Structure formats: structure tokens, C-alpha cells
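Heads up: the structure comes next, in C-alpha cells.
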Amino acid sequence: MASLIYNSCIDDLARNNIDFDTDTFKAMLVTSSYVPNKDTDDRRDDVTNEVVGTGYTAGGITCVVTVTKVVASDNVTIQLGAVSWPSSTITARGCVYYKSRGGASSADELVAYNDFGSDVSTSGGTFSVAASTITLQN
């Protein structure tokens with residue numbers, strides 16, 4: 001599986017349902033059993049097989065988002081910031097980024113899925129996910 005941007009994210013951007021400058025975004029870890037579907041997965045309640053482990057809280061953690069307009073190359077980059085879970089014992093295959101509304105998972109808009117390529121584990125260490133970048137090209 002490859003990393004992807006959920007189709008619903010593009011729709012939510014066009015309809016002003018997502019504001020990368022002001023909304024709260026989270027990163028949650030999933031196991032290899034989660035098979036993302038960029039066409040039908042649109043809310044956090046569509047994400048299955050979230051990891052369970054020491055040092056990990058269901059729903060993931062907040063990540064910092066930075067938006068940069070690059071006039072010279074006619075694009076905008078959206079950087080979903082790096083996140084980490086210290087003192088954790090976790091095995092994950094990927095990271096799902098979503099807009100957190102602070103309530104029901106059925107309201108949280110999905111943004112992107114970052115596939116690690118294979119399972120990554122920690123045992124009493126820090127589980128880290130590097131920043132991910134989305135580029136919107138004109």
C-alpha cells in the first residue's frame with residue numbers, strides 16, 4: 001500500500017470544511033490490518049485497527065500543521081508535523097492524519113494516510129513519525 005490523500009479531504013478543502021491554519025489536526029497509528037480506501041474512507045470512524053500499546057492513547061496526538069505558499073513554483077505545501085510517543089511499546093504500519101472536532105469520530109475529517117512500508121515497533125522507546133508534506137500544484 002502507498003501513502004495517500006483521502007478524496008474526501010480534497011472535497012472538504014473545496015467546501016471550506018478544513019482550514020489548515022486554524023483547525024486542530026491529529027495523527028493516529030494503525031496496524032497492517034487497516035486497508036485504507038481513499039474513495040470511501042472519509043471520517044475517522046472509517047479507520048479500523050488503530051494500534052494499542054503502552055504509551056499510546058486512542059485517537060492519537062495533536063500535530064502541528066504549517067501551510068506555505070511558494071510563488072516561484074506555483075504551489076502550496078501543507079506540512080503535517082512530526083509526532084512522537086515517548087516510552088512506548090507499539091507496533092504500527094501507518095499513520096492517519098485527521099481534523100479533530102473533539103467529539104464523535106464520525107465527525108472527524110480524514111486528511112492523509114502515511115504508509116511506513118513495513119511494521120515499525122518500539123519497546124519502551126520513542127515511536128517517531130517524521131513530518132509528511134502535501135503539495136498542491138497549480
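Heavy-atom basis, side chains included; hydrogens, waters and symmetry copies ignored. Residue numbers start at 1 and run along the sequence shown. Being a predicted model, the structure only gives us computed values, none of them experimental.
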Parallel, tilted or perpendicular, as decided by the 30° and 60° cut-offs, for the rings of Trp85 and Tyr56: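 Rings of Tyr56 and Trp85: tilted, as their planes differ by 30° to 60°.
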
Ring geometry between Tyr34 and Tyr113 (parallel below 30°, tilted from 30 to 60°, perpendicular above 60°):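 Judged by the thresholds at 30° and 60°, the geometry between Tyr113 and Tyr34 is perpendicular.
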
Quick one, [X] and [Y] - any side-chain contact, counting heavy atoms below 4.5 Å?
{"X": "Val70", "Y": "Val76", "result": "no"}
{"X": "Leu80", "Y": "Thr133", "result": "no"}
{"X": "Pro86", "Y": "Phe127", "result": "no"}
{"X": "Val129", "Y": "Ser84", "result": "no"}
{"X": "Asn138", "Y": "Asn75", "result": "no"}
{"X": "Asp42", "Y": "Leu110", "result": "no"}
{"X": "Thr54", "Y": "Ser88", "result": "no"}
{"X": "Ile5", "Y": "Tyr97", "result": "no"}

Between [atom1] of [X] and [atom2] of [Y], what distance do you get to the nearest 0.5 Å?
{"X": "Ile18", "Y": "Leu13", "atom1": "CD1", "atom2": "CG", "value": "5.5 Å"}
{"X": "Ile78", "Y": "Asp21", "atom1": "CD1", "atom2": "CG", "value": "9.5 Å"}
{"X": "Gln79", "Y": "Cys63", "atom1": "CD", "atom2": "SG", "value": "10.0 Å"}
{"X": "Asp45", "Y": "Ser106", "atom1": "CG", "atom2": "OG", "value": "5.0 Å"}
{"X": "Tyr6", "Y": "Thr40", "atom1": "OH", "atom2": "OG1", "value": "9.5 Å"}
{"X": "Asp115", "Y": "Leu4", "atom1": "CG", "atom2": "CG", "value": "8.5 Å"}

Whether [X] side chain and [Y] backbone form a donor-acceptor pair below 3.5 Å:
{"X": "Arg44", "Y": "Tyr98", "value": "no"}
{"X": "Glu50", "Y": "Gly59", "value": "yes"}
{"X": "Thr89", "Y": "Gly124", "value": "yes"}

Just checking, is any N or O donor in the side chain of [X] or [Y] under 3.5 Å from an acceptor N or O on the other one?
{"X": "Ser132", "Y": "Asn114", "answer": "yes"}
{"X": "Asp11", "Y": "Ser8", "answer": "no"}
{"X": "Ser100", "Y": "Thr24", "answer": "no"}

Looking only at heavy atoms, which two atoms of [X] and [Y] are closest? And how far apart?
{"X": "Ala112", "Y": "Ile134", "result": "CB-CD1, 4.4 Å"}
{"X": "Val51", "Y": "Val30", "result": "CG1-C, 3.7 Å"}
{"X": "Val35", "Y": "Asp41", "result": "O-OD2, 4.3 Å"}
{"X": "Asp12", "Y": "Arg43", "result": "OD2-NH1, 3.5 Å"}

Salt bridge flag under 4.0 Å for residues Asp108 and Lys99: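 No, Asp108 and Lys99 are not salt-bridged.
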
In terms of hydrophobic clusters joined by side-chain contacts under 4.5 Å, are [X] and [Y] together?
{"X": "Val52", "Y": "Val83", "result": "no"}
{"X": "Val64", "Y": "Leu29", "result": "no"}
{"X": "Val65", "Y": "Leu136", "result": "yes"}

Glu109: partners by salt bridge (charged side-chain N to carboxylate O under 4.0 Å, His left out), with sequence neighbours left out: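 Applying salt bridge (charged side-chain N to carboxylate O under 4.0 Å, His left out) to Glu109 gives Arg101.
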
